[in-house]
Amino acid sequence: MAKGVFGGLKGLDAFGKTMEDVKVKTRTGAMLTLVSAALILAITMMELIDYRRVTVDTSIQVDKSRGERLTVKVNLTFPRVPCYLLSLDVMDISGETQTDITHRISKNRLTEKGDIVPGQSTAELQNEVDKINEQRQNGYCGSCYGGIEPESGCCNSCEEVRQAYVNRGWSFNSPDAIEQCVQEGWSDRLKEQAHEGCNIAGLIQVNKVVGNIHFSPGRSFRTAAQNIYELVPYLKEDGNRHDFSHTIHTFAFQGYDEYDFEKANVGIKLKQKLGVLNPLDATTMRTSKAQYMFQYFLKVVSTQFRTLDGKIINTHQYSATHFERDLTKGLAENNQGGVHVMHGISGIPGAFFNYEISPILIVHQETRQSFAHFLTSTCAIVGGVLTVASLIDSVAFATSKKLKKGGGSYSDGKLILTPT
């Protein structure tokens, strides 16, 4: 009974069988078989390589982050500005101002040849001042010489007197008349460093809003809601050539994820793979004028990398343009095209980095072809190659058969069995 039921299913067999004694094997068929096997192997290997390849898909989204802070990694060299004159300040549109930043910032004095002066970093110079203060008697309270006194009411170092002058809005130009400065040898130190340069490097924390980072001479102070700079030491004729020629070794915006060493390495590799570079790195700008202003305008774009193993690295990239201005020409000048130009502000010497935050987020996500796609592609390759080969063999066989006169044999030596 069961045999009869399953025997009735034979009519549904889509893979009809042929008898072995009626098959014809030809040299053409053998060649097609070898070519087909080679094609199948080659294309399958290509599909396997494509399956193993990791690609990066890029998409753009609206940046929904709020209240974040950016870390700016800087490393700049000013070959003709001594470290004691160089000040790093940050201001943004929210009203936050950071003046003369020293936290997580190091300054290294440079010789005229560009070599680092050994044992003369900012931290070590500060230690010398601390030693002098320790040598003073307990209860010592230095005068601020009319400047705004700090909370302690005393100015026990030349630097504190200078800051008191800056807070008052005065220019600090007579260190030889200040007791603390004479004891610390401040004037001698200025003369010693007058011909030197400075390398400044470190990390700066800024709000994720429109702002600017500037490297300028002297200290800045605010009066009447404007920033005024103590420029007298810089502009003073000391017989040395001072200008703001500079080399930008590194200028990058980083995210908090890059504090993780492992994530930072992954981010660096992905940036190199995608060609995401910092456009200002290894930039050198030159001038021979002391009254010269360099301005950079940056557009910061949030960037996110997503790896196959689920890691998410948040970072930033930026585009940059720059503008140079000769301050000796004043507020009005004729540009290279002969057009009369008016400047809204007088400007000061220095290097200014003005940055804006883009509202978009660029997402780079690693992807790989699914195994199901690889399997279906491989099956399609095998089936397609064998089908095409079978058609070619059938056409070749039929053509050869019609060209034969008689029915006994083929020129390729294969015997054909014919019914009697």
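Note that the coordinates shown come from a computational prediction; the quantities given were computed from them, not determined experimentally.
A donor-acceptor contact shorter than 3.5 Å links the side chain of Asp281 to the backbone of Phe251. Although no hydrogens or angles enter the test, the distance criterion places a donor-acceptor pair under 3.5 Å between the side chain of Glu366 and the main chain of Leu308. No donor-acceptor pair under 3.5 Å is formed between the side chain of Tyr256 and the backbone N or O of Thr71. In this structure, the side chain of Asn156 engages the main chain of Gly142 through a donor-acceptor pair within 3.5 Å. For the pair Ser245 (side chain) and Thr287 (backbone), a donor-acceptor distance under 3.5 Å is present.
Residues Asn199 and Thr77 have side chains that bring a donor and an acceptor to within less than 3.5 angstrom of each other. Side-chain atoms of Thr55 and Thr367 include a donor-acceptor pair closer than 3.5 Å.
Note that the OG atom of Ser106 and the CD1 atom of Ile200 stand 8.0 Å from one another [nearest 0.5 Å]. For the atom pair CG of Asn278 and OG of Ser319, the computed distance is 12.0 Å after rounding to the nearest 0.5 Å. How far CG of Leu203 is from CZ of Arg104: 4.5 Å, rounded to the nearest 0.5 Å. Between the OG atom in Ser36 and the CG atom in Asp393 there is a gap of 9.0 Å [rounded to 0.5 Å]. Taking CZ from Arg80 and CG from Leu110, the interatomic distance works out to 12.5 Å, rounded to the nearest 0.5 Å. Between atom OG of residue Ser157 and atom CD1 of residue Ile178 there is a gap of 11.5 Å, rounded to the nearest 0.5 Å.
In this structure, Asp89 and Thr97 have side chains that are not in contact, with every pair of non-hydrogen atoms separated by 4.5 Å or more. Between Gln304 and Gln61, every side-chain heavy-atom pair lies at or beyond the 4.5 Å cut-off. No side-chain heavy atom of Leu88 sits under 4.5 Å from any side-chain heavy atom of Lys107. With contacts defined as side-chain heavy-atom distances shorter than 4.5 Å, the pair Val81/Cys198 does not qualify. A 4.5 Å side-chain heavy-atom check between Val210 and Ile357 finds every atom pair outside the cut-off. Within the 4.5 Å cutoff, the side chain of His214 has heavy atoms near those of the Met91 side chain. You'll find the side chain of His322 stays beyond 4.5 Å of the side chain of Thr283, heavy atoms only.
Under the ring pair (Phe, Tyr, Trp, His ring centres under 6.0 Å) test applied with Phe244, the options Phe78, Phe352, Tyr292 reduce to a single match, Phe78. Applying the side-chain contact (heavy atoms from CB on, under 4.5 Å) test between Phe353 and each of Val74, Ile248, Val72 identifies Ile248 as the sole match.
By the neighbour-count criterion of 12 heavy atoms within 6.0 Å, atom CD1 of Ile148 is densely surrounded, having more than that number from other residues, nucleotides or ligands. Annotation: Ile60, atom CD1; neighbour count of heavy atoms from other residues, nucleotides and ligands within 6.0 Å does not exceed 12.
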Step by step, would you call Thr303 with Val276 a side chain to side chain contact (heavy atoms under 4.5 Å, CB included)?
-> CA-CA 10 Å; Thr303 305; Val276 179; 5.7 Å; no
I would like to know whether Glu324 and Met285 meet side chain to side chain contact (heavy atoms under 4.5 Å, CB included); could you show each step before the answer?
-> CA-CA 10 Å; Glu324 302 175 24; Met285 306 300 292; 2.8 Å; yes
May I have the step-by-step check of disulfide bond (SG atoms under 2.5 Å apart) for Cys154 and Cys144, ending in yes or no?
-> CA-CA 7 Å; Cys154 303; Cys144 294; over 6 Å; no
Please test Lys271 against Thr315 for side chain to side chain donor-acceptor pair (under 3.5 Å), starting from the C-alpha separation and ending with a verdict.
-> CA-CA 10 Å; Lys271 283 183 178 181; Thr315 183; 3.2 Å; yes
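Relative ring orientation between His364 and Phe305 is described as parallel, the plane-to-plane angle staying below 30° on a 0-90° scale split at 30° and 60°.
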In residues 375-387, what donor-acceptor pairs under 3.5 Å come from side-chain atoms, sequence neighbours left out?
{"residue": "Thr376", "atom": "OG1", "partner": "Ala372", "partner atom": "O", "Å": "3.0"}
{"residue": "Thr376", "atom": "OG1", "partner": "His373", "partner atom": "O", "Å": "3.0"}
{"residue": "Ser377", "atom": "OG", "partner": "His373", "partner atom": "O", "Å": "2.8"}
{"residue": "Thr378", "atom": "OG1", "partner": "Phe374", "partner atom": "O", "Å": "2.8"}
{"residue": "Thr387", "atom": "OG1", "partner": "Gly383", "partner atom": "O", "Å": "2.7"}

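Considering every non-hydrogen atom in both Ala320 and Leu298, the closest pair reads CB-CD2, 3.4 Å. Nearest heavy-atom pair, Ser143 versus Cys155, reported as atom, atom and distance to 0.1 Å: O-CB, 3.6 Å.
Aromatic ring centres of Tyr318 and Tyr355 lie farther apart than the 6.0 Å criterion allows.
Applying the salt bridge (Lys or Arg N to Asp or Glu O under 4.0 Å) criterion to Lys299, with sequence neighbours excluded, gives Glu356. By the salt bridge (Lys or Arg N to Asp or Glu O under 4.0 Å) test, Lys311 is found to be paired with Glu262, residues two or more places apart in sequence or in another chain being considered. For Lys208, the salt bridge (Lys or Arg N to Asp or Glu O under 4.0 Å) partners are Asp63, Glu68, not counting sequence neighbours. Under the salt bridge (Lys or Arg N to Asp or Glu O under 4.0 Å) criterion, Arg69 pairs with Glu96, sequence neighbours left out.
Residue pairs that meet the side chain to side chain donor-acceptor pair (under 3.5 Å) test with at least one member in residues 41-52, sequence neighbours left out, are Asp50-Arg53, Asp50-Gln369.
With 2.5 angstrom as the limit on SG-SG distance, Cys181 and Cys158 come in below it.
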